[in-house]
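These notes concern the structure reproduced below.
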Amino acid sequence: MNFSVNAIQWLQAVLEERFGHEIVLSAQSGKLILALKGYPEMIEFDCLQSVFHQSTSNFLCKQWQPSEEGFTAPIEDLIPAPSEGELPAPLIEMNGQRATIHYDILGLTYWMLTRQEEIGREDLDNHQRFPATSSHAFQHGYLERPIVDEWLNILGQVMQKLWSGIQLKRHQFSVKVSHDVDSPARYAFQNMKGLVRTIGGDVLVRRDIISAIKAPWIWLNSRHELHPADPDNTFDWLMRQSESNGLTSAFYFICGRTDARKDALYEPEMPQIRQLMREIHQRGHEIGLHPSYNTYNRPEEIAREAVRLRKVCAEEGIEQEEWGGRMHFLRWDQAATLKALANSGMTYDSTLSYADRPGFRCGTCFEYPAFDAATDKPLTLRIRPLVAMDCTVIADRYLGLGSTEAAYEKFNKLKDNCKKVCGAFTLLWHNSYFNTPEDFEIYRRLVSER
């Protein structure tokens, strides 16, 4: 299948962001040709694969060893290569002013970044999410590898060999932390029945007798601002961790209720939330949107909640250059959610990781411009891929590593892979997901160790 004109122009933009040069990309006789403006040399991709334009996970994955052909692998010396068939040998040939790559790197990039794999799929979980376990990446063991970044690193090496002396854009490793505000307080927004039930949970489930004893006092003294003793009120601690490590925390607020049980108990107009938003903004951190549970395929609801968030922020004198967010429960329909977020005026979205397994759902740890493969159109939205979420690694219902050194090592391995390709380690840690002292320590180490 040929790339559309829009897809080629979008790929050009992705490559220009990555390499820092004006790229000329064109389709010629079933091949893709990559050139730099003003130079005669070119790179030819002559093995384009139709599978990278299909919504399927049912095909092969081979491996290529860069060192055998004089290239350096950024992570491991075997790079996964999703493919319809066997890989040619050699994979890369340099012939004077032309380099030929016999692997569809740009098709892979398109397939992973647009999430073409997921469009129209019906093998979904109980929250109507496409699960990691259904993905090609999980089934072939490369979900924890940013394979798009690895292959673009190889492409960069080909470019430097072909255009001798060219300087490619240098990227710096970074850490980006964000916090979905599902429960800003354990007690403040409960009615009497809910308070009693929550206290029961403190005693019987969490074994937290001290919090259970304090709960009525905290509840009574949370009418205008969040009580500092509330177990879910970790906002000051989170901001201090970011401030001491030169980071900016992004806090995403729920601004609607489309499911009575799964959405938040608070409203953004409540005085406690307004005060919290003011403090976040005054300390130089970011406020964003966490669209409610049933909005992922309801564009009008996402737009309504985005307007509501901006209205509250405007009333509090909060101005931001960009507005980002993440879908509640990581619910996502590639054919609907992406366009809805763009049309609601969001700057970026950071939903795209899997709930059931951590890793690189989009194959990358670099932010990139969104492209709607369902309508073949570029969007104004930017995608900031999520690499890991707290409960994905720790909770029993997912990986189940608990609040242990093994959990830290899993997070840190993903972080290290981001570092090896000079990308961004994006970490979601809910303000309400600090259940043990070990949780605090895992988070502290992740954001402080570079």
Point to revise | Test item: Y368 side-chain N/O and L113 main-chain N/O as donor-acceptor pair under 3.5 Å | key: yes
Check your understanding: Are S292 and E301 close enough, and set up right, to give a side chain to side chain donor-acceptor pair (under 3.5 Å), and what steps lead you there?
Key -> CA-CA 9 Å; S292 59; E301 291 292 342; 5.9 Å; no
Check your understanding: Does the side chain of D149 come within less than 4.5 Å of F360's, by heavy atoms?
Key -> no
Review point. Under the side chain to side chain contact (heavy atoms under 4.5 Å, CB included) criterion, do L379 and N343 qualify, and how do the steps go?
Key: CA-CA 9 Å; L379 301 174; N343 291 341; 5.8 Å; no
Check your understanding: Which of parallel (below 30°), tilted (30 to 60°) and perpendicular (above 60°) describes Y433 and H430?
Key -> tilted
Check your understanding: Looking only at atom types and distance, does a side-chain atom of Q320 sit under 3.5 Å from a main-chain N or O of I287, one as donor and one as acceptor?
Key -> yes
Point to revise | Pair K413 + E409, salt bridge at N-O below 4.0 Å | key: no
Check your understanding: Once the angle between the rings of H285 and F251 is folded into 0 to 90°, is it parallel (under 30°), tilted (30 to 60°) or perpendicular (over 60°)?
Key -> perpendicular
**Study point:** Pairing of R18 and E16 as salt bridge, 4.0 angstrom limit
**Key:** no
Point to revise | Side-chain donor or acceptor of S242 paired with backbone N/O of M239 under 3.5 Å | key: no
Check your understanding: Between E76 and R145, is there a salt bridge with N-O shorter than 4.0 Å?
Key -> yes
Exercise for review: Please confirm whether the backbone N or O of K377 pairs with a side-chain atom of W10, one donor and one acceptor, at under 3.5 Å?
Suggested key: no
Practice item. Determine, for K176 against E367, whether the closest basic-nitrogen to carboxylate-oxygen distance falls under 4.0 angstrom. Key: no
**Study point:** Audit row: W219, R223, side chain to side chain contact (heavy atoms under 4.5 Å, CB included) steps and yes/no
**Key:** CA-CA 8 Å; W219 181 72; R223 293 293 177 261; 3.6 Å; yes
Check your understanding: How close do N431 and T234 get, heavy atom to heavy atom, and via which atoms?
Key -> O-OG1, 2.7 Å
Exercise for review: Report the distance from atom CZ of F235 to atom CD1 of I280, rounding to the nearest 0.5 Å.
Suggested key: 6.0 Å
Practice item. Quickly, which of D390, D232, V181 forms a side-chain contact (heavy atoms from CB on, under 4.5 Å) with S432? Name it, please. Key: D232
**Study point:** Given R261, H127, R257, the one that forms side chain to side chain donor-acceptor pair (under 3.5 Å) with Y293
**Key:** H127
Practice item. Of all the heavy-atom pairs spanning V148 and T109, show the shortest one and how long it is. Key: CG1-OG1, 3.9 Å
Check your understanding: Do H53 and Y110 have their ring centres less than 6.0 Å from each other?
Key -> yes
Review point. With a 3.5 Å cut-off and no angle check, do the side chains of S134 and R121 form a donor-acceptor pair?
Key: no
Exercise for review: Identify the two heavy atoms, one from F3 and one from I8, that lie closest to each other, and give their separation to 0.1 Å.
Suggested key: CB-CG1, 3.6 Å
Point to revise | Beyond-backbone contact of H227 with N233, side-chain heavy atoms, under 4.5 angstrom | key: no
Check your understanding: Hey, are R283 and E243 close enough for a salt bridge, meaning a charged N less than 4.0 Å from a carboxylate O?
Key -> yes
**Study point:** Which atom of M327 lies closest to which atom of D349, heavy atoms considered
**Key:** N-OD1, 4.2 Å
Check your understanding: For K311, does the NZ atom sit with more than 12 other heavy atoms under 6.0 Å from it, leaving out its own atoms?
Key -> no
Review point. With a 6.0 Å cut-off on ring centres, are F59 and W111 close enough?
Key: yes
Review point. Do R308 and E267 meet the salt-bridge criterion of a basic N to acidic O distance under 4.0 Å?
Key: yes
Review point. Step by step, would you call L289 with W323 a side chain to side chain contact (heavy atoms under 4.5 Å, CB included)?
Key: CA-CA 8 Å; L289 181 66; W323 295 92; over 6 Å; no
Review point. Would you find a donor on one side and an acceptor on the other, under 3.5 Å apart, between the side chain of Q49 and the backbone of G107?
Key: no
Review point. Are E441 and R444 close enough that some pair of their side-chain heavy atoms sits under 4.5 Å apart?
Key: yes
Check your understanding: With a 4.5 Å heavy-atom cut-off, do F130 and S57 have their side chains touching?
Key -> yes
Review point. Which heavy atom in L168 sits nearest to a heavy atom in G156, and how many Å separate them?
Key: CD1-O, 3.5 Å
Practice item. Using side-chain contact (heavy atoms from CB on, under 4.5 Å) as the criterion, point out the one residue from T426, L386, V387 that pairs with S353. Key: L386
Study note, to complete from the structure: The reported gap from CD in E305 to CG in D263 (rounded to nearest 0.5 angstrom) is 7.5 Å
Check your understanding: Relative to each other, are the rings of Y443 and W237 parallel, tilted or perpendicular (30° and 60° limits)?
Key -> tilted
Point to revise | Nearest-0.5 Å distance, CG of residue D123 to CD of residue E118 | key: 10.0 Å
Exercise for review: Give the minimum heavy-atom separation between Q12 and L25, together with the two atoms involved.
Suggested key: OE1-N, 2.8 Å
Check your understanding: Is the charged tip of R129 near the ring of Y354: under 6.0 Å from the six-membered ring centre and within 45° of its axis?
Key -> no
Review point. Do D180 and H328 come within less than 4.5 Å of each other through their side chains, counting heavy atoms only?
Key: no
Review point. With a 4.5 Å heavy-atom cut-off, do P358 and M389 have their side chains touching?
Key: no
Practice item. Identify whether NZ of Lys or CZ of Arg in R384 sits under 6.0 Å from the centre of the six-membered ring of Y348 and within 45° of that ring's axis. Key: yes
Review point. How many angstroms lie between CH2 in W429 and CD1 in I394, if you round to the nearest 0.5 Å?
Key: 3.5 Å
Check your understanding: Does the side chain of S55 reach to within under 4.5 Å of the side chain of Q116, using non-hydrogen atoms?
Key -> yes
Practice item. Go through the steps for S211 and D202 under the test side chain to side chain donor-acceptor pair (under 3.5 Å), then give the verdict. Key: CA-CA 7 Å; S211 291; D202 286 339; 5.3 Å; no
Practice item. Could you give me the CA-CA distance, side-chain angles and deciding distance for L155 and L34, then say whether side chain to side chain contact (heavy atoms under 4.5 Å, CB included) is met? Key: CA-CA 10 Å; L155 176 57; L34 186 156; 4.2 Å; yes
**Study point:** Nearest-0.5 Å distance, OG1 of residue T295 to CG of residue D259
**Key:** 11.0 Å
Point to revise | Main-chain N/O of M112 paired with R115 side-chain donor or acceptor, under 3.5 Å | key: yes
Exercise for review: Begin with the C-alpha distance, continue with both residues' side-chain angles, and end with the deciding distance and a verdict on side chain to side chain donor-acceptor pair (under 3.5 Å) for D439 and S403.
Suggested key: CA-CA 6 Å; D439 291 337; S403 304; 2.5 Å; yes
**Study point:** For R274, the option from E225, E315, E269, E279 that meets side chain to side chain donor-acceptor pair (under 3.5 Å)
**Key:** E315
**Study point:** Atom pair CZ (R326) and CG (L352), whose distance is rounded to the nearest 0.5 Å
**Key:** 10.0 Å
Check your understanding: What residue among P231, S222, P216 forms side-chain contact (heavy atoms from CB on, under 4.5 Å) with Y187?
Key -> P231
Review point. Any side-chain heavy atom of D356 within less than 4.5 Å of one from T392?
Key: no
Check your understanding: side chain to side chain donor-acceptor pair (under 3.5 Å) between R331 and N294: does it pass, once the steps are laid out?
Key -> CA-CA 8 Å; R331 297 188 95 194; N294 281 318; 2.9 Å; yes
